[in-house]
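All remarks here apply to the structure that follows.
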Amino acid sequence: MNPVRTIALAAGFALLAAPAFAHAFLKTASPAVGSTVSQAPSQVMINFTEGVEPQFSTITVHNAQGQPVQTGKPHLVGGDTHLAVALKPLTPGTYTVDWHATARDTHKTQGTFHFTVASK
Amino acid sequence: MRNTLPAVTLACAGLAALTAVPADAHVVVGNRVFPVTLTFDDPGVGDEATLPQFVYPPTSGGQNLYQFEWEYDKTITPTTAVIYNQGWDILQQQGMKTHTGLENAVLTGKWQGITLPRSETVVSLGVMEEFAGSAATQSIGGDETGATLPTFYFGQGLGPLPIGLLRPLAITGELSYSIPNHRLNSTGDNGGQPFFWAGGLSLQYSIPYLQSQVKNIGLPDFFGRMIPLVELDWFSPAAGPAPGLPETLTAAPGVIYMGDTYQVGLEALIPANSAAGHHIGVIMQVHFFFDDLFPNTLGKPLFQ
């Protein structure tokens, strides 16, 4: 068979055979990555590109002094792509969100971002 | 592997530095995803495949070379892999018959020795082995004899630095030293190869990193998956005679689109010195991540 045709067929097969698994990366977050919000949020929610396993995924939130401000464990909201954790009442300042996600195919990913609660 | 043309053709070649260091692999290190660079290898190991890569390299002297290439990366353990590269080429030369043939096969053994997630650092070592092919391979510029290339790879993200919107930047690189199985003589007509250095360097700006780690600027999903980058490829004879094989430097600006289970890259190939060619070329690559596509079969190491 023509090598070019072989390559094209193989590529097509690979695409058709692709199941819906991949690394879970942050798609969007609330509060948004790097944002400044006027109202203190009651939770941090991350929307991942793939479904995650909540038992093996974490979200921790720290204030500028390094103290944790999340309460309880992260939990799914709606489908398995939205992971949220509740927060204590926040005062104005900058907060750091660290997340570790385990996707359904067991791949692990992680990330860090900040958001700021503005002074009133 | 470098497609060295026979001595007569080499005088006007300028081909090939681009294929000096084949093999690709994407790697996740802490918050950083290093994508597959197009003209040289990435710093890590993975289960994946390039299928296909098309290269129209800069050439001179009335030549046109079209390369259809492929690659398969298989992890043996989580930090070691074996990589296979090859391609099928069409070489057109003014006033001469068009030649086609398989490129020389290249096997690479690679060890991802240092992985530092917090500092977004990865360092690997590898050894590439080029296997000499048939007469058809030589007719499209393939080496008549093989070579062994000890190779160093690195990747460094700038995310940990306090540099604001420049944190999505990353640098990756590769440096190989080629030890020929049969050394080229001073007249360049004994079918040998010279000792040579081949290197690659990339500067990348990850929009996904910007959107997910630094500041979500509200880009649509399509643009939020782009990684603009510039790759530089360098080839230089190292010691002894290398007639017809001058030092070459090529710049490759372009962009990579990161899908969930694949990536697509497109770069221009711009000769940075006259020996690297006399026109702008192009490289396009489709690359699949088998660790995502087939996590329980082809996509995991043979030994965990």
Side-chain angles (χ1 to χ4, degrees), chain A residues 1-37 44-53 81 94 96-116, chain B residues 26 28-33 48-54 66 68-70 72 86-90 100-103 117-118 159-160 164-165 167 208-218 221 224-225 258-262 286-300 304:
Chain A
M1 182 181 289
N2 182 312
V4 176
R5 182 178 294 179
T6 304
I7 294 167
L9 284 174
F13 172 77
L15 278 172
L16 290 172
F21 291 118
H23 287 79
F25 294 110
L26 185 151
K27 191 174 184 180
T28 58
S30 176
V33 174
S35 65
T36 298
V37 295
V44 166
M45 184 166 67
I46 298 175
N47 178 15
F48 290 99
T49 55
E50 296 292 329
V52 298
E53 296 287 350
T81 59
T94 297
T96 301
V97 180
D98 289 303
W99 59 265
H100 291 74
T102 300
R104 286 183 296 161
D105 65 1
T106 73
H107 282 125
K108 294 178 175 16
T109 49
Q110 66 180 63
T112 303
F113 67 90
H114 305 283
F115 69 89
T116 300
Chain B
H26 85 305
V28 180
V29 181
N31 298 350
R32 174 73 56 175
V33 178
E48 48 206 1
T50 291
L51 203 63
Q53 174 166 279
F54 169 72
Y66 306 95
F68 301 90
E69 300 176 325
W70 53 87
Y72 178 57
Q86 204 164 19
W88 185 79
D89 295 0
I90 303 170
T100 61
L102 284 171
E103 297 175 0
R118 290 180 65 87
L165 295 177
R167 288 177 55 214
Y209 195 102
L210 171 71
Q211 295 262 92
S212 65
Q213 314 280 346
V214 182
K215 186 170 181 61
N216 186 338
I217 58 174
D221 185 61
R225 292 173 176 267
M258 294 295 289
D260 291 336
T261 57
Y262 66 95
V286 180
H287 191 89
F288 296 96
F289 306 138
F290 281 9
D291 54 338
D292 292 321
L293 285 166
F294 313 112
N296 300 314
T297 53
L298 287 175
K300 65 178 183 179
Q304 290 284 359

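Worth saying up front: this structure is predicted, and the values here are computed from it rather than measured. First the proteins, then the strands, lettered A, B, ... as listed; each starts at 1.
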Exercise. When you measure from the side chain of B:Asn216 to the backbone N and O of A:Ser35, does any donor-acceptor pair fall under 3.5 Å?
Worked result: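 It does not hold such a pair.
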
Exercise. What closest approach, in Å, do B:Asp291 and A:Asp105 show between heavy atoms, and which atom pair accounts for it?
Worked result: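 Residues B:Asp291 and A:Asp105, closest heavy atoms: O-OD2, 4.2 Å.
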
For this session: Kindly give the heavy-atom pair with the smallest separation between A:Gln110 and B:Gln213, and that separation in Å.
Result: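 Where A:Gln110 meets B:Gln213 most closely, the heavy atoms are O-NE2, 4.0 Å.
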
Problem set entry | Contacting moiety of B:Gln211, where chain A heavy atoms sit under 4.5 Å | backbone

Seminar exercise, completed: When the 4.5 angstrom heavy-atom criterion is applied to B:Val214 and chain A, the contacting part is backbone

For this session: Pick one of side chain, backbone, both or neither for A:Phe25, based on which atoms fall under 4.5 Å of a heavy atom in chain B.
Result: side chain

Problem set entry | A:Thr112 OG1 to B:Arg118 CZ distance, which is reported to the nearest 0.5 Å | 8.5 Å

Exercise. About how many Å separate CZ of B:Arg225 and OG1 of A:Thr49, when rounded to the nearest 0.5 Å?
Worked result: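 Rounded to the nearest 0.5 Å, the OG1-CZ separation comes out at 7.0 Å.
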
